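From a predicted model like this one, the values you see are computed outputs, not experimental measurements. Starting from 1, each residue takes its place in the sequence as its number.
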Amino acid sequence: MTTAKKAERTLQQVKMPDDLHRAIKMKAVQDDVLMQEVFDEAMEKLIADRKTKKIQYLASPREGKSRSFWLRDSILAEVQSAAEQDDVPVNRVEYTALVRFFE
């Protein structure tokens with residue numbers, strides 16, 4: 001769900017468990033980057049993987065907390081296209097990308 005917009009990035013919201021959110025934070029610190037760059041990287045990886053593999057999309061856990069993140073507009077367009085082609089919600093593509101990134 002898109003809730004706001006800022007220069008070339010759009011705010012997205014995905015429900016996720018605390019341990020996944022913590023892993024994202026730790027990767028950002030470890031790589032010395034902003035968290036939004038970790039989100040970008042996870043989405044780009046899923047988009048690339050999707051070209052050669054069938055993706056099994058995951059639903060966000062009911063007990064997860066809604067977390068917001070800024071996603072680059074060019075990447076969001078690809079995520080939206082994948083969601084439309086695969087007939088799944090955008091937030092399911094985003095959640096799946098994050099889970100797969102940290103497997």
Side-chain angles (χ1 to χ4, degrees):
M1 169 202 268
T2 304
T3 56
K5 190 158 182 78
K6 126 177 155 176
E8 298 183 23
R9 288 193 173 269
T10 301
L11 189 64
Q12 297 291 291
Q13 192 171 60
V14 172
K15 193 180 263 193
M16 66 182 78
D18 288 338
D19 60 336
L20 178 57
H21 189 251
R22 201 169 17 261
I24 295 165
K25 282 183 178 181
M26 288 173 53
K27 174 124 177 86
V29 169
Q30 181 181 15
D31 293 354
D32 194 27
V33 297
L34 298 173
M35 283 179 64
Q36 67 190 19
E37 294 175 55
V38 176
F39 287 105
D40 288 349
E41 189 178 350
M43 299 306 138
E44 287 175 325
K45 181 169 180 354
L46 181 119
I47 296 302
D49 287 351
R50 192 176 160 273
K51 292 175 183 175
T52 60
K53 302 174 186 170
K54 177 149 176 55
I55 303 297
Q56 175 90 26
Y57 291 101
L58 307 170
S60 298
R62 292 181 198 261
E63 68 279 355
K65 291 182 187 172
S66 291
R67 307 288 184 159
S68 298
F69 61 95
W70 291 99
L71 191 60
R72 195 173 338 127
D73 288 344
S74 59
I75 297 170
L76 178 57
E78 291 184 77
V79 167
Q80 290 170 329
S81 177
E84 186 176 312
Q85 290 171 20
D86 295 346
D87 197 29
V88 294
V90 169
N91 65 338
R92 188 168 285 192
V93 175
E94 293 169 338
Y95 177 71
T96 301
L98 293 168
V99 169
R100 288 173 53 95
F101 191 70
F102 287 98
E103 286 184 327

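Using modelled atom types, no side-chain atom of Thr10 and backbone atom of Leu71 make a donor-acceptor pair closer than 3.5 Å. In this structure, the side chain of Arg9 engages the main chain of Trp70 through a donor-acceptor pair within 3.5 Å. Here the side chain of Thr96 pairs a donor or acceptor atom with the backbone of Arg92 at under 3.5 angstrom.
Put simply, CG on Asp40 and CZ on Phe69 are 9.0 Å apart, with the number rounded to the nearest 0.5 Å. Going from atom CD of Glu78 over to atom CE of Met43 covers 12.0 Å, rounded to the nearest 0.5 Å.
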- Just do the side chain to side chain contact (heavy atoms under 4.5 Å, CB included) check on Leu98 and Leu20 with the steps written out, would you? CA-CA 8 Å; Leu98 293 168; Leu20 178 57; 4.0 Å; yes
| said: Between Lys15 and Tyr95, does the side chain to side chain contact (heavy atoms under 4.5 Å, CB included) criterion hold? Intermediate values first, please. | reply: CA-CA 8 Å; Lys15 193 180 263 193; Tyr95 177 71; over 6 Å; no
Using the side chain to side chain contact (heavy atoms under 4.5 Å, CB included) rule, take Asn91 and Gln12 through it: C-alpha gap first, then chi angles, then the decisive distance, then the call.
CA-CA 8 Å; Asn91 65 338; Gln12 297 291 291; over 6 Å; no
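Between Glu94 and Leu76 the shortest side-chain heavy-atom distance falls below 4.5 Å. Side-chain contact check for Arg50 versus Asp86: some heavy-atom pair is nearer than 4.5 Å. In this structure the side chain of Arg72 reaches within 4.5 angstrom of the side chain of Glu44, judged on heavy atoms. Side-chain contact between Phe102 and Asp19: absent, with no pair of heavy atoms (C-beta onward) separated by less than 4.5 Å.
Listed here is the closest heavy atom pair of Ala97 and Ala42: CB-O, 3.7 Å. When all heavy atoms are compared, the tightest approach of Pro61 to Pro17 is CG-CD, 3.6 Å.
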Scan the side chains in residues 21-33 for donor-acceptor partners under 3.5 Å anywhere in the protein, sequence neighbours excluded, and list what turns up.
| residue | atom | partner | partner atom | Å |
| --- | --- | --- | --- | --- |
| His21 | ND1 | Arg67 | NH1 | 3.3 |
| Lys27 | NZ | Asp31 | OD2 | 2.5 |

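Qualifying ring pair (Phe, Tyr, Trp, His ring centres under 6.0 Å) partners for Phe101, counting only residues two or more places apart in sequence or in other chains: none. Scanning for side chain to side chain donor-acceptor pair (under 3.5 Å) contacts around Ser74 gives an empty result, with sequence neighbours left out.
Heavy atoms from other residues, nucleotides or ligands lying under 6.0 Å from CD of Gln56 number 12 at most.
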